[in-house]
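Notes follow the structure.
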Amino acid sequence: MAGIPGVVGVLVGWLSVGRVSVLTAMNDSITFLHSSDWQLGMMRRFLGPDGQARWAQARLDAVMRIGEVANQTGAAFVVVTGDVFEHNQVERQTILRACEALKRIEVPVVLLPGNHDALEPGSLWTSSQWLGHAPEHVKVVTDTLPLEIVPGVEIVGAPWRSRRPVSDPAAPGYADLAPAPAGTKRILLAHGQLTSLSGGMSDVPTIDQTSLEAAVTDGRLHYIGLGDRHSTTEVTDRIWFSGTQEVTAPEETHPGNVLKVTLTADEIEVESIRVGAWHMVEHHAELYDEESLTALEDWFAELPEKERTYVRLAADGSLPLPLLSRLDAMVDAQGEVFASVERWAKFWTVRPAPDAADLDALQLSGPARAAMEELRQALAGGDEGAGAALTLMHRLARDAG
């Protein structure tokens, strides 16, 4: 009986390594989390100082929520497939806060340098700020050598070494590999656009999907985690873009997630779990009368979580000066309530439609009246700047009255 406590201690120690449970070992399965494109230190011109600060903190908060998801799901480790930071010259504060957020993830974390934070001369990955403060359980992929992150799991990666690679950026991570040893699950971390999804628009070499699928078929790889595409995207059942942990632009579809990936001997299960808190919305309004303007006001009112929402607003149509002034006042007021409301200049074509009654109602006289008439004539001649000036004049005169 004296040997039982020692045996129990060995078993407890074995059970705790790599967060692999008895059930996991028995089922020959492993669960991990896949994230990418954190881009910590990113700035957004459409956010004011207050909104920018809250948005930057939200990106870190989402990283910490990934740690919570790891605890809740029993994930053995976390992989981040590129662009952890916005660039290699982010502020020291950004690096230190990132290190603190990573400490909140209690399992091993593997980070892949991407195009934004490439392993180039002067890389932040070799800086004293990173090396002096990065948690010990965080590993940065600096070469293409296989890494056993937990027993039975091998990670291979293709870190970017410059912002402009000359060939397929994923190929170095797997092209020369033999099939994975029996009982070993091999995961590729890569960053870049797939040839099949880029539409020929990429200005750097893309990743060949056919070659990736062949590496899965012949047993070299069991899961391929990709970064660079900010929208959560299933390419095949074993090739996924996780998308960014927090939205960065209205064009993105299904951002703000982390992927929970479970690999067994023969099967895979991938679940998208939301960790982001912000929203970025595009809206197009056609404005011709008071009813359409009221509909826009109602749309703004119904949006939830306004303090964490950026709206890019497009509009076309024509409005009488009183309604145009009301539109300007409404957009300005909503900009104070939301994180930001931006008139989308490229698609903002609301024209003033002044009539004599609108202008006479202002009861202007003297030079002001003469200026108004001159602007009105300029507008009739196609001068859009005159329309904006008339609208401002109407609004100022109305407010003064």
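Small disclaimer: the values here were computed from a predicted structure and weren't measured.
- A salt bridge does not link Arg164 with Glu120: none of the charged nitrogens is closer than 4.0 Å to a carboxylate oxygen.
- Within the structure, every pair that satisfies the ring pair (Phe, Tyr, Trp, His ring centres under 6.0 Å) test and touches residues 126-155, not counting sequence neighbours, is listed here: Trp125-Trp130.
- A donor-acceptor pair under 3.5 Å is absent between the side-chain atoms of Asp208 and the main chain of Asp168, judged by distance alone.
- The two residues Thr81 and Ala190 have their closest heavy-atom pair at CB-O, 3.7 Å.
- Here the CG atom belonging to Leu296 is positioned 6.0 Å from the CG atom belonging to Leu313, to the nearest 0.5 angstrom.
- Of the inter-residue distances, the one linking Asp83 atom CG with Met42 atom CE reads 8.5 Å to the nearest 0.5 angstrom.
- When Phe300, Trp299, Trp344, Phe338 are each tested for a ring pair (Phe, Tyr, Trp, His ring centres under 6.0 Å) with His283, only one passes: Trp299.
- Side-chain atoms of Asp37 never come within 3.5 Å of backbone atoms of Gly243 as a donor-acceptor pair (strictly under, hydrogens ignored).
- Using a 4.0 Å cut-off between a side-chain N of Lys or Arg and a carboxylate O of Asp or Glu, Glu342 and Arg312 do not qualify as a salt bridge.
- The pair Arg308-Glu305 counts as a salt bridge, with a side-chain nitrogen and a carboxylate oxygen less than 4.0 angstrom apart.
- A salt bridge is defined here as a Lys NZ or Arg NE, NH1 or NH2 lying under 4.0 Å from an Asp or Glu carboxylate O, and Asp28 with Lys185 meets this definition.
- When all heavy atoms of Cys99 and Pro135 are compared, the pair lying nearest together is O-CG, 3.7 Å.
- A parallel orientation is assigned to the rings of Phe77 and Phe32, their planes being inclined by less than 30° (bins at 30° and 60°).
- In terms of heavy atoms, Leu33 sits closest to Ile66 at CD1-O, 3.5 Å.
- Taking the six-membered ring wherever Trp is involved, the centroid distance between the rings of Tyr310 and Phe46 falls below 6.0 Å.
- Cation-pi contact between Arg238 and Trp240: absent, since separation from the ring centre below 6.0 Å together with deviation from the ring axis within 45° is not met.
- Under the 4.0 Å criterion applied to side-chain N and carboxylate O atoms, Glu68 and Arg65 are not assigned as salt-bridge partners.
- A cation-pi arrangement is found for Arg343 relative to Trp348, the charged atom lying closer than 6.0 Å to the ring centre and inside a 45° cone about the ring normal.
- Comment: Glu290 engages Arg326 in a salt bridge, judged by a side-chain N to carboxylate O separation of less than 4.0 angstrom.
- Using a distance-only test at 3.5 Å, with no hydrogens or angles considered, a donor-acceptor pair links the side chain of Thr217 to the main chain of Glu213.
- The distance from atom OG of Ser340 to atom CZ of Arg45, rounded to the nearest 0.5 Å, is 9.0 Å.
- For Pro250 against Glu282, the heavy-atom pair with the smallest separation is CB-CG, 3.4 Å.
- Under the 4.0 Å criterion applied to side-chain N and carboxylate O atoms, Glu246 and Arg59 are not assigned as salt-bridge partners.
- Heavy-atom minimum distance, Val80 versus Ser36: CG1-CA, 3.9 Å.
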